[in-house]
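Report on the following structure.
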Amino acid sequence: MTADLAALLYLVSGVLFILALRGLSNPESSRRGNNLGMIGMAIAVGTTLAVAAPPDALTWGLIALGVAVGGTVGAITARRIAMTAMPQLVAAFHSLVGLAAVFVAAAALYAPQAFGIGEVGNIHMQSLIEMSLGVAIGAITFSGSIIAFAKLNGNMSGAPIILPARHILNIAIFGAIIALIVMLVMSHGADTWTFWAITVLAIVLGVTLIVPIGGADMPVVVSMLNSYSGWAAAGIGFTLENSALIITGALVGSSGAILSYIMCKGMNRSFISVILGGFGGEVAHAAGKTETRPVKLGSAEDAAFIMKNASSVIVVPGYGMAVAQAQHALHEMANKLKKEGVKISYAIHPVAGRMPGHMNVLLAEANVPYDEVFELDDINSQFPTADVAYVIGANDVTNPSAKTDPKSPIYGMPILDVEKAKTVLFIKRGMGSGYAGVENELFFRDNTMMLFGDAKKMTEEIVKALG
Amino acid sequence: MTADLAALLYLVSGVLFILALRGLSNPESSRRGNNLGMIGMAIAVGTTLAVAAPPDALTWGLIALGVAVGGTVGAITARRIAMTAMPQLVAAFHSLVGLAAVFVAAAALYAPQAFGIGEVGNIHMQSLIEMSLGVAIGAITFSGSIIAFAKLNGNMSGAPIILPARHILNIAIFGAIIALIVMLVMSHGADTWTFWAITVLAIVLGVTLIVPIGGADMPVVVSMLNSYSGWAAAGIGFTLENSALIITGALVGSSGAILSYIMCKGMNRSFISVILGGFGGEVAHAAGKTETRPVKLGSAEDAAFIMKNASSVIVVPGYGMAVAQAQHALHEMANKLKKEGVKISYAIHPVAGRMPGHMNVLLAEANVPYDEVFELDDINSQFPTADVAYVIGANDVTNPSAKTDPKSPIYGMPILDVEKAKTVLFIKRGMGSGYAGVENELFFRDNTMMLFGDAKKMTEEIVKALG
Amino acid sequence: MEIDPFIFRLSIFVLAIFVGYYVVWSVTPALHTPLMSVTNAISSVIIVGALLAVAVDLLAAGEGGWIAKIFGVIAVALASVNIFGGFLVTQRMLAMYKKKEKK
Amino acid sequence: MEIDPFIFRLSIFVLAIFVGYYVVWSVTPALHTPLMSVTNAISSVIIVGALLAVAVDLLAAGEGGWIAKIFGVIAVALASVNIFGGFLVTQRMLAMYKKKEKK
Ligand SMILES: NC(=O)c1ccc[n+]([C@@H]2O[C@H](COP(=O)([O-])OP(=O)(O)OC[C@H]3O[C@@H](n4cnc5c(N)ncnc54)[C@H](OP(=O)(O)O)[C@@H]3O)[C@@H](O)[C@H]2O)c1
Ligand SMILES: NC(=O)c1ccc[n+]([C@@H]2O[C@H](COP(=O)([O-])OP(=O)(O)OC[C@H]3O[C@@H](n4cnc5c(N)ncnc54)[C@H](OP(=O)(O)O)[C@@H]3O)[C@@H](O)[C@H]2O)c1
């Protein structure tokens, strides 16, 4: 295969990746988009195998082995994973991409001819710079994602671990990495120890940067690392002179940056402070305060009675629904109510749950049709005409202090106006606060009824009470 | 200047053009966008002058002369032109771009060295193909835009001129052009007569393609030619190996295509039939029918009285407002009403007027703040709560037959729901129909009052009556 | 592995089409008329070709040189009409779009 | 006038950033989770680099050859986890998004 044809095919696979993301603009076209992405990947792999054909049977065997082992692990994981575990899964997959980037860079250092970037101990300067940036970002992505995974998966406490003098420590490590990169470049790639020193230090940096960040902030971290790894991939794309990698790097880089921006805006945090990585730790979890004001308590039977007689119910799911895995019970309840002639819709806040689109994927899993599920802007005007707002495991996203109290940590965040519904039902385990650790004024309102219990159990009881 | 630096600067100017269009996403940023566009153009020109420096004072003089003459004409035109004449102006400017492309291609044919594409009589094949496509599209754009200009400016009747056997004629000319291109390429550019023959035939084709199309359809034609000329510019960009031209060509190509798509969708016509150029001529102007049903007539005094006592008025401007230049009078009326405590908003249909954004630019000219001007989707839900819909020179965009009558030529087109307002005032000269030539049921409704007269005069009388 | 620059230009072209598609869709309908005039203005980068034609070296180009030079001047003039006319008329239009004055 | 291919790659990169920006903003919020998993999957094109490393010619590469080959195999395996895992989990998720059934 000529280099021109290969370049053309890499362009084609880049375009297919663009179309894969473009497909996600609506659920209808998204499945075709995903298939286009797979075709793009197949073309990229096939082109590489044709243009740099493995020289012997052994090599073919090794490649087959790698793909078989990796592919099997990947496929099984993909099939088994619970939908609620998606944030962890993405973090775990992420660390693998980071590690792969490290190994690719190392291979390029030991056999630069294979990549056309010079000879051992005499590698082009530009390639060395790109390579060492690639390995550093790759290693940070690797260890950072592992920490994020551990915190999200509960293998490690989610509490922020504040290291002494962490900012100075991080700056020192960062400086050392830069110095080592300069040394590596000056030696034209002969001093391989500097390469490994960069790798080790970057792995340490990934840890020290991420451990101080609270577990609940991990989704932003995952998305941010995603963005970083995109730029790293683009860097390696320049080294390998490969446009599929350059295009993909830009796509992944943008995607991560935009998703972290969306999360930050939804939480009313500054994007810059997140990107610099110096945030977290100071999340106010003022949950301890004991509240003495009375709340109106209700039972599953009360809730069933109220909703049966309603003409429209808006369901507002939140993180608690995900924790309790209540989506299936919820759908059952919705079906029962629909049979009674009640109109059901779902209202999704942009940062409900712990990951962008978290609630949508769970509701989809429970077979809730996506045309009953609405975004904040589209449904907020419906609350005043709704009879019941069924708030299940959501808290912050309904808290009116975001509109009224400039001192609140969530002040300025857009909010679902559940309090405008005739009756608000709050399903949660107790008076605990949500992610942002702020008191929710709504619990004490006259038109609010609190239903204490696990979201799934409570919903199931309501289903029973509906008969 | 090295070729690398030049290529980089051309990229920069391409990016500046992208940012220029990006700025148009809202009025706030649009002015900066336009400035970025100018900077991009200055960079492209400056880079070219540096990289292919004019060899002598004479050449510098010629360039200065060309820029001075062209620039003066352009600047004066830009300053003097009336906002209502924008469609003509764009068509006229367009024909100049087409002609310039023809001259550039001709120059490349006679002095290929200057462009690095070979030597006289021995020009690279690929360049010849690109060049002849460029000249053909350029020539079609030139003559087609002149026809469009003449029809829009009234120098020529807007009525479709149906040539005998026009489809066969067009296909024959098209075939001849292709044959000539092949001959030109085979001769390696030595047979210059074929080049001129292509030019002449393409000019003829531009005329025969466009004259059968009715005057009111010219905006779609202008936009379509715009798109074609973008692709032609990209073609010449490949010949000149210039990324600024390639990027610009793609931008202009998309822009024209999207605008014609928007117009076609707004008019409920098929995009494909427009792109193929075989449309028009069959526009049903069934205006002649005399209608006998009674309508409720009103005077300026009646309208002033009704609106004075209203609490909200929605103004719906259309093509008639543009013809009558009534925008300034309209704004005066709105100001008077605002002083009386009436809330005024403006509702703009996507294809109101004869050009996308036509109404917006006229209202802006009359100093109407753009945050009082709403798009169809944003204001349609407001009509039921409005006291008065003041429909001035609009007709088709309010016609409910688009919703109710599957046989209507505008069936399926989205419509402003003016009839839901308490009172509808129609300002027009008589019972004439609009662009689509269909009867408007609304004129005969109980809550409609017709105000016959020129849009500007009538509005001025209302202003007087408001005191 | 030398790659033909044509492939790169093609890549640039393809990506620019995507960019154009999105960037134009994101233009607010209220500014569609300025969009028409500004795309008209930027499409005059064709002046780059015209300048190359004018700058042709008469000694090297032989008899065709003068023809190219004259065609080039005409094309420069035509493109200049568009550049100045297009950007200025856009500027004039955009200057008219005003927000409500805060009183 | 030879132009350094780096300039072309830079152009491609710059335009791809614009495309990425627009294409990602146009993703509906309901599909942000699949977006995360699919970008993860496509970011494994890094496998291209891994395949080059495995395919290194041992005779030409000398002592470093074996090291590169082994690193390459590991990278191939890691990237494959992502490719299969990423696309399949996305497919599984997307299959769940259903419209209301018309009865
Ligand atoms: N979506 C994202 O991309 C993202 C990313 C990072 C951070 N965040 C943040 O996450 C928050 C999301 O808001 P949210 O309203 O969805 O959740 P939330 O404010 O965190 O509230 C969740 C509520 O669910 C209840 N809960 C927990 N487990 C439960 C169970 N098993 N059964 C019933 N209830 C249970 C908890 O109250 P009890 O303890 O009383 O039961 C808690 O108040 C926002 O503050 C947002 O900024 C979102
Ligand atoms: N905007 C675009 O991009 C575009 C492009 C191509 C085509 N179109 C088409 O243009 C039409 C636009 O709809 P529209 O409602 O704005 O206009 P319209 O339906 O064409 O109606 C214009 C009305 O204005 C009246 N009129 C003309 N001169 C007048 C004057 N001096 N004073 C007062 N009234 C006057 C006419 O009635 P009298 O004769 O009774 O006065 C006519 O009924 C649509 O059919 C659309 O598809 C639009």
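Just so you know, these numbers come straight off a predicted model, no measurement behind them. Below, read A as the first sequence line, B as the second, and so on, with proteins coming before strands; counting in each chain starts at 1.
L259(B) touches chain C through its side chain: at least one heavy atom from C-beta onward sits under 4.5 Å away, while N, CA, C and O do not. For chain C, the nearby parts of M38(B) are the backbone and the side chain; heavy atoms of each come within less than 4.5 Å. E372(B) touches chain C through its side chain: at least one heavy atom from C-beta onward sits under 4.5 Å away, while N, CA, C and O do not. Only the side chain of N226(B) comes within less than 4.5 Å of a heavy atom of chain C; its backbone N, CA, C and O stay farther away. With a 4.5 angstrom heavy-atom cutoff, I76(B) does not touch chain C via any of its atoms. For S25(B), the parts lying under 4.5 angstrom from a heavy atom of chain C are both the backbone and the side chain. For a residue to count as touching a neighbouring chain, one of its non-hydrogen atoms must lie under 4.5 Å from one of that chain's; by this rule V368(B) touches chain C with the backbone only. Both the backbone and the side chain of A106(B) have a heavy atom closer than 4.5 Å to some heavy atom of chain C. Contact annotation for I236(B): only side-chain heavy atoms (C-beta onward) come within less than 4.5 Å of a heavy atom of chain C. Contact annotation for P350(B): neither backbone nor side-chain heavy atoms come within less than 4.5 Å of a heavy atom of chain C. Only the side chain of T248(B) has a heavy atom closer than 4.5 Å to any heavy atom of chain C. In this structure, no portion of L19(B) lies under 4.5 Å from any heavy atom of chain C. There is no contact between L11(B) and chain C, counting heavy-atom distances below 4.5 Å. Proximity to chain C (any heavy atom under 4.5 Å) is restricted, for L240(B), to the side chain, taken from C-beta onward.
Each of A250(B), G71(B), A52(B), P27(B) has some count of heavy-atom pairs under 4.5 Å with chain C, and the biggest count is that of G71(B). For the options I262(B), I348(B), V120(B), heavy-atom pairs under 4.5 Å to chain C are most numerous at I262(B). Contact count versus chain B (heavy atoms, under 4.5 Å) is highest, among N40(C), L88(C), V54(C), V56(C), for N40(C). Contact count versus chain B (heavy atoms, under 4.5 Å) is highest, among M93(C), M36(C), H32(C), for H32(C). Heavy-atom pairs under 4.5 Å with chain B were tallied for F84(C), F71(C), Y22(C); the largest tally goes to F71(C).
Side-chain contact annotation: S127(B) with T239(B), donor-acceptor N/O pair under 3.5 Å absent. A donor-acceptor pair shorter than 3.5 Å can be found between the side chains of Q327(B) and E365(B). D56(B) and T59(B) form a side-chain donor-acceptor contact under 3.5 Å, judged by distance and modelled atom types alone.
P34(C) is listed as a side-chain neighbour of Y97(C), based on a closest heavy-atom distance under 4.5 Å.
Residues passing the salt bridge (Lys or Arg N to Asp or Glu O under 4.0 Å) test with R22(B), sequence neighbours excluded: none.
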